[in-house]
Amino acid sequence: MIKNLLELQSEKSRMLATQTEASPAVKEANRKISDLNKSIIENLENVDVNSQSLMADIQSRITEIENSFKSLPETEQNLIRIQREFSLSENIYNYLMERRAEAAISKASNEANNKIVELARGGIQISPTPIKNYLFALLAGLFFPISIIATRELFRTKIEDAQFF
């Protein structure tokens with residue numbers, strides 16, 4: 001009903017954008033809205049009356065159970081009271097154990113699986129070795145220019161300068 005009321009109000013708002021309050025369509029929408037409001041109020045009152053009668057029924061059942069409980073002998077009353085406390089404590093214990101298991105699972109999922117087997121020790125540098133790098137750079141620095149010059153001289157076919165012996 002509330003959904004229908006909201007739809008009618010939005011429809012009325014759309015109509016008011018193009019029409020006046022005095023137009024028949026707007027008046028009809030107003031009438032439908034007021035009828036729907038009355039129906040909603042009537043339903044709420046019925047729900048209230050039903051809930052009050054239900055509460056009265058539950059209260060009468062509680063009184064009846066308490067009266068029957070008072071008629072039991074004292075040892076049975078103590079036994080029932082202890083059983084009730086036991087079941088309450090057991091429920092709390094089960095709840096706390098579930099929470100503990102959830103916390104353990106959460107903690108286990110947050111921990112890393114890696115472990116340090118042995119700490120690093122100081123020592124000599126294995127790679128890269130600076131002496132090898134410098135030697136390689138010196139040889140490459142000599143080899144590449146010499147090979148470029150030798151290749152250029154090998155493929156040179158022109159006589160560039162006249163030489164007299």
Side-chain angles (χ1 to χ4, degrees), residues 1-130 132-134 136-137 140-141 144-145 148:
M1 291 178 125
I2 291 175
K3 182 180 176 184
N4 291 339
L5 179 66
L6 291 173
E7 289 174 0
L8 282 172
Q9 286 178 342
S10 65
E11 184 179 320
K12 177 186 168 189
S13 296
R14 276 188 252 121
M15 282 191 251
L16 285 176
T18 59
Q19 301 173 12
T20 63
E21 280 284 333
S23 72
V26 175
K27 285 182 181 179
E28 179 65 22
N30 283 336
R31 185 191 61 76
K32 286 181 182 178
I33 289 173
S34 66
D35 289 344
L36 204 52
N37 277 335
K38 288 177 187 175
S39 297
I40 290 173
I41 291 171
E42 186 177 307
N43 280 344
L44 288 176
E45 288 172 353
N46 289 339
V47 168
D48 188 38
V49 168
N50 287 341
S51 64
Q52 286 177 359
S53 67
L54 185 63
M55 289 291 288
D57 182 47
I58 291 174
Q59 189 62 39
S60 68
R61 286 183 186 178
I62 289 173
T63 340
E64 182 181 316
I65 291 173
E66 284 178 351
N67 289 336
S68 67
F69 183 69
K70 288 178 184 176
S71 67
L72 293 174
E74 187 176 329
T75 55
E76 288 183 31
Q77 289 179 4
N78 289 336
L79 175 64
I80 292 173
R81 192 174 300 112
I82 290 170
Q83 286 176 340
R84 193 176 303 138
E85 288 176 7
F86 174 76
S87 66
L88 178 66
S89 298
E90 185 179 20
N91 289 339
I92 290 172
Y93 175 77
N94 288 336
Y95 172 74
L96 292 175
M97 289 303 289
E98 287 175 13
R99 298 296 295 169
R100 180 180 179 188
E102 289 173 6
I105 290 170
S106 173
K107 183 180 178 185
S109 67
N110 290 338
E111 289 182 4
N113 293 337
N114 302 340
K115 292 182 181 179
I116 297 175
V117 177
E118 187 177 319
L119 294 175
R121 291 176 284 167
I124 60 170
Q125 181 177 2
I126 295 172
S127 176
T129 54
K132 282 184 183 178
N133 289 345
Y134 288 131
F136 179 74
F144 283 120
I148 290 173

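Only this structure's heavy atoms are used, side chains among them; waters, hydrogens and symmetry mates stay out. Predicted model only: the values in this text are computed from it and were never measured.
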How long is the straight-line distance from [atom2] of [Y] back to [atom1] of [X], given to the nearest 0.5 Å?
X: I58; Y: M55; atom1: CD1; atom2: CE; answer: 6.5 Å
X: L5; Y: D35; atom1: CG; atom2: CG; answer: 11.0 Å
X: N30; Y: Q9; atom1: CG; atom2: CD; answer: 10.0 Å
X: I41; Y: L36; atom1: CD1; atom2: CG; answer: 10.5 Å

Minimum heavy-atom distance A140-P145, with the two atoms named | O-CD, 4.0 Å
Which atoms form the tightest heavy-atom contact between A25 and Q19, and what is the distance?
-> CB-OE1, 3.6 Å
Charged N-O contact under 4.0 Å between R31 and E28 = yes
Would you mind reporting whether [Y] and [X] have side-chain heavy atoms less than 4.5 Å apart?
X: K12; Y: E21; answer: yes
X: N4; Y: E7; answer: yes
X: S23; Y: M15; answer: no
X: I33; Y: N37; answer: yes

More than 12 heavy atoms of other residues, nucleotides or ligands under 6.0 Å from CE of M1: is that the case?
-> yes
Are more than 12 heavy atoms from other residues, nucleotides or ligands located less than 6.0 Å from atom CG of L54?
-> yes
Indicate yes or no for a side-chain donor-acceptor contact from N91 to the backbone of S87 under 3.5 Å, with no hydrogens or angles considered.
-> yes
Short question: side chain of D57, backbone of S53 - any donor-acceptor pair under 3.5 Å?
-> no
V26 and L16: side chain to side chain contact (heavy atoms under 4.5 Å, CB included), yes or no, with the steps?
-> CA-CA 7 Å; V26 175; L16 285 176; 3.9 Å; yes
Pairs flagged by salt bridge (Lys or Arg N to Asp or Glu O under 4.0 Å) wherever residues 78-100 is involved - sequence neighbours left out = R99-E102
